[in-house]
Colleague: 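Input: one structure, supplied below.
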Amino acid sequence: MTDTSNARPAEGEAQASRQSRLLRLMRYLPLIAPVLLWVVPCWVLLYTGQHWPVPVTVAGTALFVLGLAAMPLAMMRGHGRRQQDRAAIIGDTLLGGSWVLFTWSVLLGVLLRLALTVAGVGESEDRARIVTWAVLGVSAALLVWGYVEARRVPRVRRLDVPLARLGAGLDGLRVVLITDTHYGPLDRARWSARVCETVNTLEADLVCHTGDIADGTAERRRAQATPLATVRATEARVYVTGNHEYYSEAQGWVDLMDELGWEPLRNRHLLLERGGDTLVVAGVDDVTAESSGLVGHRAHLAGALDGADPGLPVLLLAHQPKFVDRAAAAGIDLQLSGHTHGGQIWPFHHLVRLDQPALAGLSRHGVRTLLYTSRGTGFWGPPFRVFAPSEITLLVLRSPQRP
């Protein structure tokens, strides 16, 4: 568990500076990224001393040019106004494939070539061709493995979470967290049903979904979300919005989750009582809600806690980990979040960390507040997970007063 309780003000300033640089970079990313993702591998694999036969060089170059042209076009048709699922699948797959190929072209293109040179293996052309086949082999293996990882039912991650203010009557409370299911262009209705079956084996007292249910409107993705109605909990099933709901008519998702028997915690709370002790379970809209323009949608922690006894422990649902600054200032005991996907495809996690204070797992913030960040249950966009496995999380809350 990471402890940030002694973080200096300078660290906050450094994080703000990193976020500012990230925002400036993001302005140009849509133009720069596709070119880099396709041009760099093309150069490394075809034009750094391999001396391939002309037909091989021409055909390879044509494939990279086709990828560079097709990926942005498919992404725009799939995720723009047209919302064409087939185009989205093609664009997302090309994006994931090019990211993996780019990453390993850079890594193996430098490190392996250097190692071969130091070891005196072959001539320059031989070393260049070895690098090419190594990059292609590693990328292909990671993409196959990453696809399987993304499409499987997540493994269950279990951990005990001690809360200093939790009463003895609530010791052992079982909280199951699912998040970032991202039902989307690839139909995952059967996957959704199997996820819900797995959740039901955990005998949860409380089941939480911390947003990003889907990419698309509730009407369009209803069939994939419907299995959520089968989830069982002895006390409650609660839900908060994620940023992706605000790309796809968020109120429709709030209404559908309510219809499926989940309690939307939109800047409000409920009380969970057991053994004479009480836990406040609160939730807030995603931090992007206010800029969405939807009336009444915003992240309002004071509203979520309005009327709650300040002496009671609080479990807060907030989609993005960066909301923990506000949670810590309010003395929240435990915040549950998702959003990061653990980076989803390595080494993208380095960019995620520029925007979020935590990537995955349990961390401490301030004097009291714990944050648990899930790597997510599904995947966004590219149907791959590389070195960032999905999860269904079982959190067992522990009281210091337990026998």
Colleague: Taking the six-membered ring for Trp, are Trp43 and Trp38 closer than 6.0 Å centroid to centroid?
Modeller: no
Colleague: Restricting to non-hydrogen atoms, name the atom on Thr340 and the atom on Ala358 that form the minimum distance, rounded to 0.1 Å.
Modeller: CG2-O, 3.5 Å
Colleague: Is it the case that Ser363 and His365 place a side-chain donor and acceptor less than 3.5 Å from each other?
Modeller: yes
Colleague: Is it true that atom CD of Glu263 has more than 12 heavy atoms of other residues, nucleotides or ligands lying nearer than 6.0 Å?
Modeller: yes
Colleague: For the pair Gln50 and Glu125, evaluate side-chain contact (heavy atoms from CB on, under 4.5 Å) and give the outcome as yes or no after the intermediate values.
Modeller: CA-CA 5 Å; Gln50 289 86 350; Glu125 180 180 311; 5.6 Å; no
Colleague: About how many Å separate OG1 of Thr132 and CG of Leu46, when rounded to the nearest 0.5 Å?
Modeller: 7.0 Å
Colleague: If I compare all heavy atoms of Arg375 with all of Arg157, which pair ends up nearest, and what's the gap?
Modeller: NH1-NH1, 4.0 Å
Colleague: Of the non-hydrogen atoms in Gly378 and Trp191, which two are nearest, and what is the gap between them?
Modeller: CA-CH2, 3.8 Å
Colleague: Measure across Pro162 and Asp160 and return the closest heavy-atom pair with its distance rounded to 0.1 Å.
Modeller: CD-O, 3.8 Å
Colleague: Taking Arg151's backbone N and O only, do any of them form a donor-acceptor pair with Arg385's side chain (distance below 3.5 Å, no angle check)?
Modeller: no
Colleague: side-chain contact (heavy atoms from CB on, under 4.5 Å), that's the test. Do Ile178 and Cys208 meet it? Break it down for me.
Modeller: CA-CA 6 Å; Ile178 59 176; Cys208 308; over 6 Å; no
Colleague: Run the side-chain contact (heavy atoms from CB on, under 4.5 Å) test on Leu159 and Tyr372 for me, step by step, so that the C-alpha distance in whole Å, both residues' side-chain angles and the decisive distance to 0.1 Å come before the verdict.
Modeller: CA-CA 10 Å; Leu159 70 158; Tyr372 184 81; 3.9 Å; yes
Colleague: Using only atom types and a distance under 3.5 Å, with no angle test, would you say the side chain of Thr369 pairs donor to acceptor with the backbone of Gly366?
Modeller: no
Colleague: State whether the number of non-hydrogen atoms from other residues, nucleotides or ligands found under 6.0 Å of Gln251 atom CD is greater than 12.
Modeller: yes
Colleague: Between the side chain of Asp187 and the main-chain N/O of Ala189, is any donor-acceptor distance below 3.5 Å?
Modeller: yes
Colleague: Is it true that Glu235 and Arg174 make a salt bridge, defined as a side-chain N closer than 4.0 Å to a carboxylate O?
Modeller: no
Colleague: Do Asp285 and Arg266 meet the salt-bridge criterion of a basic N to acidic O distance under 4.0 Å?
Modeller: yes
Colleague: Checking Trp253 side chain against Thr241 main chain: does a donor-acceptor pair fall under 3.5 Å?
Modeller: no
Colleague: Measure across Leu260 and Arg237 and return the closest heavy-atom pair with its distance rounded to 0.1 Å.
Modeller: O-NH2, 3.5 Å
Colleague: What distance separates Leu395 CG from Leu173 CG, expressed to the nearest 0.5 Å?
Modeller: 10.0 Å
Colleague: Do Arg221 and Asp85 sit within salt-bridge range, that is, some charged N less than 4.0 Å from a carboxylate O?
Modeller: yes
Colleague: When you measure from the side chain of Thr210 to the backbone N and O of Leu317, does any donor-acceptor pair fall under 3.5 Å?
Modeller: no
Colleague: Please determine whether side-chain contact (heavy atoms from CB on, under 4.5 Å) holds for the pair Val284 and Val240, giving the CA-CA distance in whole Å, both sets of side-chain angles, and the decisive distance to 0.1 Å.
Modeller: CA-CA 6 Å; Val284 292; Val240 293; 5.9 Å; no
Colleague: Is there a donor-acceptor pair under 3.5 Å between the side chain of Arg194 and the backbone N or O of Thr198?
Modeller: no
Colleague: Distance to the ring centre below 6.0 angstrom and angle to the axis at most 45 degrees; does that hold for Arg188 and Phe379?
Modeller: yes
Colleague: Parallel, tilted or perpendicular: which one describes the rings of Phe387 and Trp145, with boundaries at 30° and 60°?
Modeller: tilted
Colleague: So that I can tick it off, tell me whether Arg222 and Glu259 are bridged by a salt bridge, with the cut-off set at under 4.0 angstrom between side-chain N and carboxylate O.
Modeller: yes
Colleague: Would the distance check show the side chain of Gln344 and the main-chain N or O of Phe384 forming a donor-acceptor pair, the cut-off being under 3.5 Å?
Modeller: yes
Colleague: Hey, mind stepping through Arg129 and Glu123 against salt bridge (Lys or Arg N to Asp or Glu O under 4.0 Å) and telling me if it holds?
Modeller: CA-CA 10 Å; Arg129 292 193 176 192; Glu123 300 296 327; over 6 Å; no
Colleague: Quick one: NE2 on His182 to CH2 on Trp380, what's the gap to the nearest 0.5 Å?
Modeller: 8.5 Å
Colleague: For the residue pair Arg232 and Asn200, what are the closest heavy atoms and their distance?
Modeller: N-OD1, 2.7 Å
Colleague: Verify, without hydrogens or angle tests, whether Gln83 (side chain) and His79 (backbone) share a donor-acceptor contact under 3.5 angstrom.
Modeller: yes
Colleague: Taking it one step at a time, do Trp99 and Trp104 satisfy ring-ring contact (aromatic ring centres under 6.0 Å, His included)?
Modeller: CA-CA 9 Å; Trp99 172 258; Trp104 294 96; over 10 Å; no
Colleague: Pair Asp333, Arg165 - check salt bridge (Lys or Arg N to Asp or Glu O under 4.0 Å), show working.
Modeller: CA-CA 8 Å; Asp333 297 84; Arg165 297 199 301 167; 2.7 Å; yes
Colleague: Between Asp205 and Arg274, does a salt bridge (Lys or Arg N to Asp or Glu O under 4.0 Å) hold up when you go through it step by step?
Modeller: CA-CA 10 Å; Asp205 298 303; Arg274 193 174 77 176; 3.5 Å; yes
Colleague: I'd like to know if the side chain of Asp180 reaches the main chain of Thr377, judged simply by a donor and an acceptor atom lying under 3.5 Å from each other, with no hydrogens or angles considered.
Modeller: no
Colleague: So does Gly242 get a backbone contact from the side chain of Glu245, meaning a donor-acceptor N/O pair under 3.5 Å?
Modeller: yes
